[in-house]
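Data block below; observations after.
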Amino acid sequence: VEDPAIRNMMINNKFTEFLFTLYQMRNENLYEYNSERSIKEKIYTITNYIQTHYNEDLSLAYLADKFFISSFYLSHQFKSVTGFTLINYIQMTRVRNAQQLLLYTDMKIADITAHCGFTSFSQFNRVFHRFCSMSPSDYKTFYNENAMRVNVPMMSTKSNL
């Protein structure tokens, strides 16, 4: 149809038909939005992303942008769903991976620092000590000296989170 007025009237008519069909089918809608389940699924997706990208530069702002969620909402929901703040969860994941590297590889601690996503050795040392109550080098030494006698915990049981 070349006449713009008729064309607009046809579009308007089709849109009205669409709205009427939606109205008629309103009781057939089986979709139920569950925001609680939805945010839990998103948080679990984010934790999985952290587990697989722990060595990258991760921040609240970056993850909020990547997963299309506000920083404020992500921060609160992450704590609510996991029991950890987002930053503590990232740090805990990095420390756990660092522990594995300290115990099962010959990598230098400086290399482990960079490999696990820490920006500096001092940050790594501080965060590692907070979670394990000892420095990375003490952890490695302690484990090597006591490997046959003691089952060394991966993290301290005290709650510093």
Side-chain angles (χ1 to χ4, degrees), residues 18-19 22 25-161:
F18 171 71
L19 291 176
L22 285 177
M25 305 293 283
R26 70 187 179 281
N27 294 329
E28 305 294 321
N29 184 2
L30 300 177
Y31 177 77
E32 290 183 31
Y33 179 72
N34 184 339
S35 64
E36 185 176 324
R37 191 181 91 221
S38 179
I39 191 61
K40 282 183 179 179
E41 288 172 358
K42 188 164 271 202
I43 296 299
Y44 293 139
T45 300
I46 293 169
T47 60
N48 184 52
Y49 184 85
I50 292 168
Q51 293 289 331
T52 56
H53 295 85
Y54 66 90
N55 56 346
E56 298 174 11
D57 186 19
L58 300 175
S59 67
L60 175 61
Y62 173 79
L63 291 170
D65 286 345
K66 179 155 188 67
F67 290 94
F68 308 105
I69 187 170
S70 82
S71 296
F72 179 79
Y73 190 68
L74 173 57
S75 176
H76 288 343
Q77 291 303 314
F78 195 92
K79 173 80 172 170
S80 173
V81 171
T82 67
F84 300 103
T85 67
L86 180 69
I87 299 306
N88 278 338
Y89 188 84
I90 293 168
Q91 290 176 341
M92 182 173 57
T93 301
R94 289 175 173 166
V95 167
R96 283 185 176 153
N97 283 283
Q99 288 173 317
Q100 294 293 318
L101 294 173
L102 285 166
L103 298 179
Y104 302 112
T105 72
D106 291 329
M107 287 177 72
K108 295 179 182 178
I109 294 175
D111 295 334
I112 292 172
T113 298
H115 182 80
C116 290
F118 291 96
T119 56
S120 68
F121 178 77
S122 62
Q123 179 202 27
F124 173 55
N125 204 32
R126 183 175 15 88
V127 171
F128 192 95
H129 194 277
R130 183 169 10 117
F131 284 104
C132 301
S133 301
M134 63 179 76
S135 70
S137 57
D138 289 344
Y139 183 87
K140 185 171 186 158
T141 301
F142 178 81
Y143 177 80
N144 287 334
E145 290 174 355
N146 296 293
M148 300 306 276
R149 293 182 290 164
V150 179
N151 192 6
V152 179
M154 289 303 287
M155 291 194 142
S156 171
T157 56
K158 71 180 189 178
S159 178
N160 286 338
L161 304 175

Starting at [atom1] of [X], measure out to [atom2] of [Y] and round the result to the nearest 0.5 Å.
X	Y	atom1	atom2	value
Arg94	Ile50	CZ	CD1	9.0 Å
Thr105	Gln100	OG1	CD	10.0 Å
Met92	Arg96	CE	CZ	4.5 Å
Leu102	Asn97	CG	CG	11.0 Å
Ile87	Tyr89	CD1	OH	13.5 Å
Lys140	Leu101	NZ	CG	9.0 Å

Answer yes or no: is there a side-chain heavy-atom contact under 4.5 Å between [X] and [Y]?
X	Y	answer
Leu86	Leu58	no
Gln77	Lys42	no
Phe121	Ile109	yes
Leu63	His53	no
Ser135	Phe128	no
His129	Tyr139	no

Between [X] and [Y], which heavy-atom pair has the shortest distance, and what is it?
X	Y	result
Lys79	Thr85	CD-N, 4.0 Å
Ala64	Leu74	N-CD2, 3.7 Å
Leu60	Ser71	CD1-O, 3.7 Å
Cys132	Val95	SG-CG1, 3.9 Å

- request: Kindly check if the number of other-residue, nucleotide or ligand heavy atoms within 6.0 Å of CG (Asn48) is above 12?
  value: yes

| Angle class for the Phe118/Phe124 ring planes (parallel below 30°, perpendicular above 60°, tilted otherwise)? | tilted

Side chain to side chain contact (heavy atoms under 4.5 Å, CB included) filter on Thr82, not counting sequence neighbours, yields Ile43, Thr47, Phe78, Phe84

ring-ring contact (aromatic ring centres under 6.0 Å, His included) filter on Phe67, not counting sequence neighbours, yields Tyr49

